[in-house]
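Written out below as C-alpha cells is the structure these notes cover.
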There are 2 protein chains.
Amino acid sequence: MVQSDMTERAAVPPSGLVRTSSDTASWHAVYDGLHDAIIRHRLDPGAKLVEEEIAEVFGVSRTIVRAALQALARDGVVILQRNKGARIAHPTPDEAREIFEARELIEPRIAALAAGRMNTGDAERLHACLHAEHQAMASDEPREAVYHSANFHRLVAGIAGHQLLSGILGDLLSRSSLVIALYWRMPQALCENEAHHAIVDSLAAGDQDRAATLMRQHIAALLGQLDLSERPQRQSSLAEALRDAARVPKGTRVLAR
Amino acid sequence: MVQSDMTERAAVPPSGLVRTSSDTASWHAVYDGLHDAIIRHRLDPGAKLVEEEIAEVFGVSRTIVRAALQALARDGVVILQRNKGARIAHPTPDEAREIFEARELIEPRIAALAAGRMNTGDAERLHACLHAEHQAMASDEPREAVYHSANFHRLVAGIAGHQLLSGILGDLLSRSSLVIALYWRMPQALCENEAHHAIVDSLAAGDQDRAATLMRQHIAALLGQLDLSERPQRQSSLAEALRDAARVPKGTRVLAR
DNA sequence: CTTGCGTAAAATGTATACAATCGCTGTGTT
DNA sequence: AACACAGCGATTGTATACATTTTACGCAAG
C-alpha cells in the first residue's frame, strides 16, 4: 500500500501526459510510506533511518526525504539528532504515560461530539473496522489487530467533526502505536474489543455522556495494560545494545517489502 | 528580542572562535525569529513570506528557511501552498472556535496539575509576568499586553510539568495569538487580567479544583470576547483583497525592524 | 476602458555538490 | 589484554544550480 514499484527510480507515468503538478507536497508520499511502516510495526522503535536508503527506495533525493523526516519528527514518531540522523522514536515510560493521559483527556470529548453527529454511514464504517479487527485477531495477526484498533479511534475522531482535536489525537494515536510496540503486555491476547463494541452502541444511540464515560474507561484500561516498570536507559548510548544485530541482520533493506 | 541587528547580513560572531557546532538545528534561529514576529503581531495574518527575503535577513540559504517554514506550518501558524509559497496563517472563525474549545478542554487540566506542583519560585515568576502584562497595559501597548498574557498561560503549562500537554498548549497559544489579531473586540480594552490574578491565587493555594474551574471560565470568557461573526472568505482567492497594498506599501522589508 | 494573451520576471521545487561530523577499525603503547 | 588515538568510510548539514511554476506586465483586439 506504500508504493507500487519504487525500486526502479522515478516511476515514469504510464501515459504521455506527464502531469508533474499534483498539488500535494511531494514529500507526502515518503511521509505516508514511513508513517505507515512505523505505526504498523514494520519498523521497530529506535531503528535508524538513513536518508540515502530511503531516498533510493522512494526514488527521490535526500532533500525530499529530509522534509518527510522533519515532518515525522514533529509528529513525535521520529527523533532527529543533529549530525546523528533520524531514528524511530522510542518513548520512555514517562512519555508513554503522558500520551495515554492526554488521550484520556481528549478522547472522551471526541466520543461525546461523535455521539451527537452519527449517521448510518458512520455506524457502518465503525462496524466494518470492528470486523476487520476481529478478523485479524482470528487470523492470529495481533499487529494487524492493533492497527485496526487504532483506526477505530481515528474513525471516531473523524465523526466528531472537530478538525483540531482530530489532528491532535491522530498524533497521539501514532505515538500510542510505538508505546504498544514497546510496553504492551501480550498475556491476555484477546484484549477487550468488547469495549469498542460498547462504544459503538453508545455512539449509535447518541448517548453523549455514556460514550464519553466508556471512552474514558477504555483508555484507562489500555493504560493499565501497559507494563511501564522502569527499564534501564534502553539501547542507544550503551554501545547501542549490539546495534540491533539480531533483528536487522546486517544490510537488510529494512524498508519496502 | 529576535535578533540584534539583522539588517546587515550574517551576524559574524564577535570573537575569533567560530563555534560551528551548536547541537541545535540551525533552522531554529529562523524558526524562533519568525515565530516571535508572528505571535507578537509584527507580521499580520495572511502576509506573504518570501523565502529569499527571509534567507537574506537571517544570512542563511533557502534550504534552512524552508525547514523553518515547514516547522511553522506544522505548528499551524504558517500555511504552505505548493508552488505558491508560505503565508502567515489566517484562521477562519470556525478554526478560531476550535482552538479555544481545545484550550477550554486542556487548560483546566493543566491548571489543576500546576496547582499541585507550585513552589515559591513559580509564584514569583507568575507575579512577574502579571506585572509585565499590567505595565504594558499602563503604557498603552495592548500588543505587548496580549503577548504577556499568552506567556502567563505558557508559564502555567510549564509548572504543570506535563511535557506533552504543555507542547500541545504551546501550539494552541501561538495560534490563539493569530485569532486575537483577527477577531479580538478591543472595546473593553482592559480585558480582565483579574482572572489571571485569581488563577494565581488558586494555584498558590494548591486548590486544584478551583484552579481548573477558574481556568475554564477564563477561557470561556476569552472566547466570548471574540467577534466570530462570519466575514466573507476574507482575502486570498478574490484578487487577494488588493494584495495588502495598503498595509505593505510595495517593496517594504516586512521583516527586521 | 476592458479583456485576453504572450512574454518576462520572480518565486518555488528538486537534485546535486561539497563540507563537516560521526563512528568504526586497526594500530601502537602501556 | 585493555586502552588511546589516528585515519577512513559512511552519513549528515548546507549551499547552490537548475527546472518548473506562478505572477506581473505590456500590448493589441474588441
Side-chain angles (χ1 to χ4, degrees), chain A residues 9-11 13 17-31 47-73 78-87 235-245 250-251 254, chain B residues 9-10 17-31 47-73 78-87 235-245 248 250-251 254-255:
Chain A
R9 290 309 175 133
L17 290 176
V18 182
R19 182 131 195 78
T20 65
S21 59
S22 89
D23 56 353
T24 76
S26 69
W27 52 265
H28 276 350
V30 181
Y31 174 93
K48 183 84 199 296
L49 298 172
V50 178
E51 297 175 358
E52 183 76 48
E53 284 182 22
I54 299 168
E56 199 175 339
V57 169
F58 287 94
V60 295
S61 75
R62 281 176 49 220
T63 306
I64 309 299
V65 173
R66 285 186 131 248
L69 288 175
Q70 205 195 313
L72 290 164
V78 158
I79 299 297
L80 256 37
Q81 277 180 302
R82 186 176 172 92
N83 289 325
K84 304 265 230 58
R87 318 187 77 94
Q235 63 189 166
S236 186
S237 104
L238 73 108
E240 207 70 76
L242 291 90
R243 184 52 96 253
D244 295 341
K250 180 76 178 193
V254 77
Chain B
R9 291 306 177 133
L17 291 175
V18 182
R19 182 134 194 76
T20 65
S21 59
S22 87
D23 57 352
T24 74
S26 69
W27 50 264
H28 277 349
V30 180
Y31 174 93
K48 182 86 198 294
L49 297 173
V50 178
E51 297 176 359
E52 183 78 40
E53 284 182 22
I54 299 168
E56 200 175 338
V57 169
F58 286 93
V60 295
S61 75
R62 280 177 50 220
T63 306
I64 309 298
V65 174
R66 285 185 130 250
L69 289 175
Q70 206 196 313
L72 290 163
V78 158
I79 298 297
L80 256 37
Q81 277 180 300
R82 186 177 171 91
N83 289 325
K84 304 266 232 58
R87 318 189 77 94
Q235 64 189 166
S236 185
S237 103
L238 73 107
E240 208 70 75
L242 292 92
R243 181 51 99 255
D244 296 343
V248 183
K250 180 78 178 190
V254 77
L255 275 174

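Note on naming: letters A, B, ... go to the chains in the order of the sequence lines (proteins, then strands), and numbering restarts at 1 for each one.
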B/Lys48 side chain near C/dT12 phosphate (N/O to OP1/OP2, under 4.0 Å): yes

Closest approach of B/Ala73 to B/Leu80 (non-hydrogen atoms, all atoms of both residues): CB-CD2, 3.9 Å

Residues B/Val78, B/Arg87; criterion side chain to side chain contact (heavy atoms under 4.5 Å, CB included); working and verdict: CA-CA 6 Å; B/Val78 158; B/Arg87 318 189 77 94; over 6 Å; no

Minimum heavy-atom distance A/Lys84-A/Lys48, with the two atoms named: O-CE, 3.3 Å

Derivation and outcome, side chain to side chain contact (heavy atoms under 4.5 Å, CB included), residues A/Leu69 and A/Glu51: CA-CA 9 Å; A/Leu69 288 175; A/Glu51 297 175 358; 3.9 Å; yes

Between D/dT22 (C1') and B/Glu52 (CD): distance, integer Å: 16 Å

Atom-to-atom span, CD of A/Glu51 to P of C/dT14 - whole angstrom: 16 Å

Residue met sooner reading DNA chain C from 5', once B/Lys84 and A/Lys84 are mapped to nucleotides: B/Lys84

Spacing of A/Leu80 atom CG relative to D/dT12 atom C1', expressed in whole Å: 10 Å

Heavy-atom closest pair, residues A/Ser61 and A/Ala55: C-CB, 4.0 Å

For atom CD of B/Glu53 and atom P of C/dA10, their distance in whole Å: 12 Å

Candidate pair A/Trp27 and B/Gln70, rule side chain to side chain contact (heavy atoms under 4.5 Å, CB included), full reasoning: CA-CA 11 Å; A/Trp27 52 265; B/Gln70 206 196 313; 3.9 Å; yes

Gap between atoms CG and P, on B/Asp23 and C/dA20 respectively (whole Å): 19 Å

Interatomic distance where CD belongs to A/Gln81 and P belongs to C/dT21 [whole Å]: 16 Å

Between C/dT12 (P) and B/Ile79 (CD1): distance, integer Å: 15 Å

Gap between atoms CG and C1', on B/Asn83 and D/dT21 respectively (whole Å): 5 Å

Protein and nucleotides 14-19 of chain D: nitrogen or oxygen contacts under 3.5 angstrom:
{"residue": "D/dT14", "atom": "OP1", "partner": "A/Arg82", "partner atom": "NH1", "Å": "3.4"}
{"residue": "D/dT14", "atom": "OP1", "partner": "A/Arg82", "partner atom": "NH2", "Å": "3.1"}
{"residue": "D/dT14", "atom": "OP1", "partner": "B/Ser26", "partner atom": "OG", "Å": "2.8"}
{"residue": "D/dT14", "atom": "OP2", "partner": "B/Ser26", "partner atom": "OG", "Å": "3.1"}
{"residue": "D/dA15", "atom": "OP2", "partner": "B/Ser61", "partner atom": "N", "Å": "3.1"}
{"residue": "D/dA15", "atom": "OP2", "partner": "B/Ser61", "partner atom": "OG", "Å": "2.7"}
{"residue": "D/dA15", "atom": "N7", "partner": "B/Thr63", "partner atom": "OG1", "Å": "2.7"}
{"residue": "D/dT16", "atom": "O4", "partner": "B/Thr63", "partner atom": "OG1", "Å": "3.4"}

